[in-house]
Structures are given as structure tokens and as C-alpha cells.
There are 2 protein chains.
Amino acid sequence: MGITKTEIFTDEQNKLAVQLKAIAHPARIAILQHIIAAKACICGDLADELGLAQPTISQHLKELKNAGLIQGTIEGVSVCYCIEPKAWANLQKELNVLFSSYKDLNSCC
Amino acid sequence: MGITKTEIFTDEQNKLAVQLKAIAHPARIAILQHIIAAKACICGDLADELGLAQPTISQHLKELKNAGLIQGTIEGVSVCYCIEPKAWANLQKELNVLFSSYKDLNSCC
DNA sequence: AATATATATTGCAATATTACGATTAATGTA
DNA sequence: TACATTAATCGTAATATTGCAATATATATT
């Protein structure tokens, strides 16, 4: 078919998948890194820095925003994007739970 | 176009994106959780447990393996899949670097 | 009000992903 | 060797993503 069967998974699994998908693109990783380093937080600057067209950056920002990972504040004619602290911390926690649940011991092969 | 411009990003950004993409699907999250909890580590069992067809699980396992996150050991007629410890630890580290690089202080908005 | 600047949206073509039935390949057992 | 069991691959249809040019929207300035 081609459509993910979200109904057979838990809300946690689906939400984690959605947020990871938002990060799982090199351009969006680069955008997040730039925002965090405060090198650039507005669309046009990011487009210049990363070498992608303005509409492309705008779309990536939209996806990150839809996933709740960043927030935008209107500043005159431009928009300043930055990390959404709660979602960021929550995702970090969820990932830690997943990654820490594995101990080298319980490997069966 | 529709093709990611990997050449304008660093190897680290691209690799991280690939591995995150591998995890960024509810079925693959569920598979990893099952493998870690040692509830099931063979294709058929996972198919039964998760309610997806055997070829579908096989494809998801292949993607996780391609990303280097799991490894498969042939055990008679079946294959036991488990976490690839090094890649797992490395990804955990990379994610920690990314997530920890953000401090609530340096938000510009 | 007209102009400049910055972001968002639309539309499109190329590509990638998702899921599964049918089939094939590989190992173990009678 | 024939048969059973399990995993992988192939083929296909549906859907989603990626990137950009063109355009629209929104705010600031003159």
C-alpha cells in the first residue's frame, strides 16, 4: 500500500517516530545546529548559510515547527526561530530511555 | 527535484540523518524495543507480535541492518537479530552531543 | 500610498518510502 | 532425497518527501 499503519502502534511510538523523522534530514540537522549555536535563526540567513533556496528552508522550518521542536517569533519583517525547550528536553529524555534500555548483557547473539 | 543535496552537508550530518531515519518509523521503534527486551529477535516472531506481514518486517530489519544498528546471526533456519553495540553507543553519543549543545540560555526569542 | 524586504504558499517533477502477495533461497528433518 | 520451515527478494500500487521557481502575504520604510 504505502501508508504507515500507525493504528497498531502506541502513541509514544508514533510520536517519537514523528519527531525523529523531523530531525532525520541533514538540512534540518544543520538548521537545528545553526539555531542552537545562534549563528542564524532567520529563514533568509539560513538559506544563505546552508546553500538551499529560501522556500526549501522555509519548508524545513515548517516541518520542525509542526513537530513542535522549534518555535518562531515575529520580529518585524522577519521571524526568529529557536528551540522549543520543553519538546527538546522531552525528546532528549525519550531517546535516553530508548537507548539506555539496552545493556550489552542481554544480547542474544 | 526530490533528491536530498547530501553534498552540501558534512559526513557527520549525513550519517546522523541516515541513522535517525532508520529509527524514525513506529514499526522500527517497536522492533528495536522488542529486540532490546528480548521478547523477540527473529523475523517471524516479530511479524506475529507486531501485526505486520513477514516481508514487511524483513524489509524493516534490512533497513535497521543497513544503518548498522542491528546485526543478524544465523541460527539454523532462522536469524537472530540484535543490537549492534558499537553503532548503538555511538548514535547515543552523537544524539547527546546534539541535544546537550542546547542550553535554555542562548535562546534568542 | 508606494516601495522594499522577508517569509510563506502553491504547483510541479523527481525520487523515496511503505506494505504486501507471490515467489525464491536456504537450512533442518523425516 | 523429499518435505517442512523460515527468511529474503521481487514486483507493484499507494503514498510521502524533496527541492525549487513563481507567486502571494505581511511588515517596515519613505
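So that the names make sense, note that chain A is the first sequence line, chain B the second, and so on, each numbered from 1. No hydrogens, no waters, no symmetry mates; every other heavy atom, side chains included, goes into these values.
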[N] phosphate, OP1 or OP2: any side-chain N/O from [X] under 4.0 angstrom?
X	N	result
A/Lys62	C/dT7	no
A/Ser58	C/dA8	yes
B/Tyr81	D/dA8	yes
B/Ser78	D/dT6	no
B/His60	C/dT17	no
A/Thr56	D/dC20	yes

> CD/B/Gln92 to CG/A/Leu95 distance, rounded to the nearest 0.5 angstrom?
Replying inline: 9.5 Å
> What's the spacing between A/Tyr81 OH and A/Ile57 CD1 if we round to 0.5 Å?
Replying inline: 11.5 Å
Checking [X] side chain against [Y] main chain: does a donor-acceptor pair fall under 3.5 Å?
X	Y	answer
A/Glu84	A/Ala87	yes
A/Asp45	A/Ala40	no
B/Ser101	B/Leu98	yes
A/Arg28	A/Glu63	no
A/Ser58	A/Gln54	no
A/Trp88	B/Tyr102	no

Whole angstroms only, please: what is the [atom1]-[atom2] distance between [X] and [N]?
X	N	atom1	atom2	result
A/Ile57	D/dG19	CD1	C1'	11 Å
A/Lys5	D/dT15	NZ	C1'	15 Å
A/Leu46	D/dC20	CG	P	14 Å
B/Ile42	D/dT5	CD1	P	14 Å
A/Leu61	C/dT7	CG	C1'	10 Å
B/His25	D/dT15	NE2	P	15 Å
B/Leu52	C/dT17	CG	P	18 Å
A/Asn66	C/dT9	CG	C1'	13 Å

[X] has a side chain; which of [options] sits nearest to it?
X	options	value
B/Val79	D/dG19, D/dA8, C/dT17	D/dA8
B/Gln59	C/dA19, D/dC20, D/dA7	C/dA19
B/Ala53	C/dT7, D/dT18, C/dC20	C/dC20
A/Lys21	C/dT9, C/dA19, D/dT17	D/dT17

>> With nearest nucleotide decided by heavy atoms, which residue, A/Pro55 or B/Thr6, maps closer to the 5′ end of DNA chain D?
In response: B/Thr6
> For B/Gln19 and B/Glu94, does a side-chain donor sit closer than 3.5 Å to a side-chain acceptor?
Replying inline: no
Dump every N/O contact between nucleotides 23-30 of chain C and the protein below 3.5 Å, one line per pair.
unit_1: C/dT27; atom_1: O3'; unit_2: B/Gly76; atom_2: O; d: 3.3

> For the residue pair A/His25 and A/His60, does the interplanar ring angle fall in the parallel (under 30°), tilted (30 to 60°) or perpendicular (over 60°) class?
Replying inline: tilted
> End-to-end bend of the helix from C/dA1-D/dT30 to C/dA30-D/dT1 (five-pair axes, 10° rounding)?
Replying inline: 20°
